[in-house]
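We count ligands from 1, going down the list as the structure has it; atoms in each ligand are counted the same way.
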Amino acid sequence: MRGRTVILIAHRMSTIVNADTIVVVENGRVAQTGTHHELLEKSTFYSNVCSMQNIEKEAEKKVASTSDNVIEEEIGEAHIRQFSTNQETKNKLERVELKQPNKEIVREIHPFFRLWYGLHKEDILSILFGSSAAAISGISKPLFGYFIMTIGVAYYDPDAKRKVSKYSLIFFGAGMVTLVSNILQHYIYGIVGEKAMKNLREALFSAVLRNELGWFEKPKNGVGFLTSRIVSDTSTVKTIISDRMAVIVQCISSILIATIVSMYVNWRMGLVSWAVMPCHFIGGLIQAKSAKGFYGDSAIAHRELVSLASEAASNIRTVASFVYEDEIIKKAELSLQEPLKKTKIESMKYGVIQGISLCLWNIAHAVALWYTTVLVQRKQASFENSIRSYQIFSLTVPSITELWTLIPMVMSAIAILNPAFDTLDRETQIVPDKPENPSKGWLIGRTEFQDVHFNYPSRPEVTILDGFNLLIEPGQRVALVGPSGAGKSSVLALILRFYDPYGGRVLIDNKNIRDYNLRWLRKQIGLVQQEPILFNISIRDNISYGSEGTSETEIIEAAMKANIHEFISGLPEGYDTVVGEKGSQLSGGQKQRIAIARTLLKRPVLLLLDEATSALDGESERVVMSSLGAMEWTNKDDRASKITSITVAHRLSTVINADTIVVMEKGKVVELGNHQTLISADDGVYSRLFHLQSNMKD
Ligand SMILES: Nc1ncnc2c1ncn2[C@@H]1O[C@H](COP(=O)(O)OP(=O)(O)OP(=O)(O)O)[C@@H](O)[C@H]1O
């Protein structure tokens with residue numbers, strides 16, 4: 001560390017006690033500077049803060065110069081534990097697989113039929129109407145093919161002027177009809193496409209939110225991928241229905257009409273014309289197959305880029321402070337390399353395939369034209385009819401080609417939707433709405449862990465809780481302390497049923513939490529995390545988030561209890577101040593206090609505080625903790641009047657007043673009792689941690 005300049009911001013005094021210079025900042029100005037000893041003498045604020053955290057009365061010892069290192073040594077052992085034998089790991093994995101099958105159930109319906117997601121009867125009628133309009137639009141090409149020969153012959157008629165005028169009028173009329181039918185078909189399909197996209201987006205959005213936390217932790221379900229799945233991928237539904245389907249129906253109509261009319265004019269020529277159709281058909285099929293792979297890769301490349309860009313943008317402070325921009329650009333370039341290589345090969349294949357299909361197309365024409373001469377020679381058709389039949393065929397060929405170009409496009413577009421359909425079909429492992437009829441009334445708050453064994457789905461080989469037992473009586477204030485990685489936050493995550501344990505039971509009011517309706521259960525639990533997430537809305541809306549309909553007085557009351565009302569009132573726009581993305585326009589402590597106010601407004605029966613006051617200065621923390629400690633709900637809705645709280649904290653001054661302090665190590669309870677009991681055990685973990693933290697004052 002020699003020679004390195006370190007600037008450290010901390011509320012915990014033990015962290016900064018050995019700093020060369022400590023700067024006390026008040027209201028945006030440097031109030032005092034000096035060493036720990038100097039400030040103790042000259043700064044009342046500093047010495048008060050130290051007193052608040054100096055919870056050991058006999059703190060006369062010198063602070064060890066390596067106090068942080070000592071703490072780290074103490075807690076270093078507490079990190080993830082591997083299983084002692086491979087067999088154990090295997091058994092655990094098997095158990096986890098049984099309990100967490102993680103199988104994504106995909107229905108047997110072809111994705112094409114699922115495009116029309118959630119459409120109603122009236123939409124089906126609209127589709128039929130739009131398809132009829134498209135079918136009428138399809139008449140124009142065979143009609144032109146039929147009459148172009150008639151007009152050609154009419155030019156040699158003595159009454160040519162009248163006849164040609166008549167046929168011109170027919171073409172004009174057909175033009176007007178197709179104008180109206182085209183407008184109708186695209187308008188109707190456009191609306192149906194928009195509706196289907198909206199339905200799919202809504203369903204997907206709620207399907208995403210239904211998933212359990214473990215699902216969101218998988219790399220394929222990162223923010224970028226999910227955004228792309230919900231916003232970009234679903235827009236292909238509209239593209240397929242609005243832009244492609246109308247044209248497909250129009251092409252099919254053209255082909256059918258042309259088949260019937262050309263057979264009617266001369267069935268031999270009609271048969272030969274369509275006998276060469278496999279040339280077009282095979283060409284189209286080859287194209288369809290190649291286009292599927294071709295477009296699929298570019299979509300994946302695009303998703304990776306979206307993911308990188310959104311991650312970099314949302315963490316721009318970290319990226320900028322580590323000057324990591326170039327690395328991200330390199331990663332982005334790298335993510336595009338592989339698809340680029342593949343695209344080159346695919347492009348080559350695509351070219352060859354296009355060439356073959358065009359060659360087949362020409363051969364088909366050559367055979368049909370040659371056969372016209374054969375028919376005329378054998379007197380099996382007049383020149384006029386054989387050419388007319390061929391004209392109908394040749395003018396409809398573009399529709400056939402268009403059809404076989406559109407179909408692969410639609411197929412590849414449907415392939416893009418597969419992840420969205422998979423997400424839609426996935427059965428969440430923690431169902432939020434079962435049982436459907438939530439219990440009545442309110443919980444009391446008695447919480448019990450019975451021999452709980454737990455590991456995270458993303459790391460099944462690492463045990464987090466290993467036979468964890470704990471009983472919390474209603475109204476108790478319980479604190480969880482222990483080294484980093486001991487599993488404290490995981491205990492809170494299990495109470496909220498973010499995850500299910502693979503062994504043992506978590507009971508609330510003597511009932512397994514798996515048997516509660518999850519939404520009902522979570523409504524009664526309040527969680528404040530170390531890094532609370534605020535939304536880019538006003539402070540008022542952030543506080544009342546999830547408690548809609550609360551009055552201004554209740555919001556202010558909650559803010560007062562969280563010791564943030566004074567700060568908010570001092571802002572030019574007060575409670576209307578918008579806090580920026582993730583609350584970026586507020587300090588860490590202000591965010592924590594707003595999050596505490598938000599949770600208090602929810603009036604939870606069980607309050608979970610996970611390092612919720614770690615960013616607060618000693619004075620603020622004291623105010624917040626004492627108002628939380630005295631928290632009682634007015635009993636207006638049969639709610640338990642006394643709140644049950646579980647606090648996770650590293651700063652032991654935060655937990656000193658708890659009724660029960662639970663010391664955890666390696667996923668187990670190693671000590672339990674109140675502060676006085678625990679401190680009296682000289683060689684106890686709590687006692688050691690406590691002495692280390694207290695030793696910062698001479
Ligand atoms: N979502 C997750 N997926 C996989 N492992 C996780 C996850 N969250 C936490 N862990 C691991 O679980 C272990 C326990 O984490 P937990 O957050 O419960 O500990 P803690 O005692 O609260 O630690 P700290 O005091 O540092 O917050 C750690 O080793 C951590 O790496």
Ignoring hydrogens, just give me the one of Ala649, Gly482, Ser458 whose non-hydrogen atom is nearest atom 3 (N) of ligand 1. Ser458

Could you check whether Tyr499 and Glu217, counting side-chain N and O atoms only, form a donor-acceptor pair closer than 3.5 Å? yes

Counting only heavy atoms, tell me which of Lys666, Gln530, Arg459 gets closest to atom 30 (C) of ligand 1. Arg459

Kindly confirm or rule out an N or O of Val648 lying under 3.5 angstrom from an N or O of ligand 1. no

Out of curiosity, is Ile464 lining ligand 1, as in a heavy atom under 4.0 Å away? yes

In terms of side-chain heavy atoms, does Arg201 have a donor or acceptor partner in Thr234 at a distance below 3.5 Å? yes

Counting distance only, does the side-chain N/O of Asn674 pair as donor-acceptor with the main-chain N or O of Thr660 below 3.5 Å? no

Between Lys488 and Gly482 (side chain of the first, backbone of the second, donor and acceptor by atom type, cut-off under 3.5 Å), is there such a pair? yes

Give the contacting part of Met664 toward ligand 1: side chain, backbone, both or neither, where contact means a heavy-atom distance below 4.0 Å. neither

In ligand 1, the atoms that come under 4.0 Å of a heavy atom of Tyr499 are 1 (N)

Do any heavy atoms of Phe498 fall under 4.0 Å from ligand 1? no

Is the side chain of Arg446 donor-acceptor paired with the backbone N or O of Asn510 at a distance under 3.5 Å, no angle test? no

Would Asn221 and Thr423 count as a side chain to side chain contact (heavy atoms under 4.5 Å, CB included) if you check the C-alpha gap in whole Å, the side-chain angles of each, and the deciding distance to 0.1 Å? CA-CA 10 Å; Asn221 299 324; Thr423 307; 5.5 Å; no

Can you list the atoms of ligand 1 that are under 4.0 Å from a heavy atom of His650? 24 (P), 25 (O)

Lys/Arg-Asp/Glu bridge criterion (N-O < 4.0 Å) met for Lys666, Asp466: no

Contact atoms of ligand 1, heavy-atom distance to Ser490 under 4.0 Å: 14 (C), 15 (O), 16 (P), 18 (O)

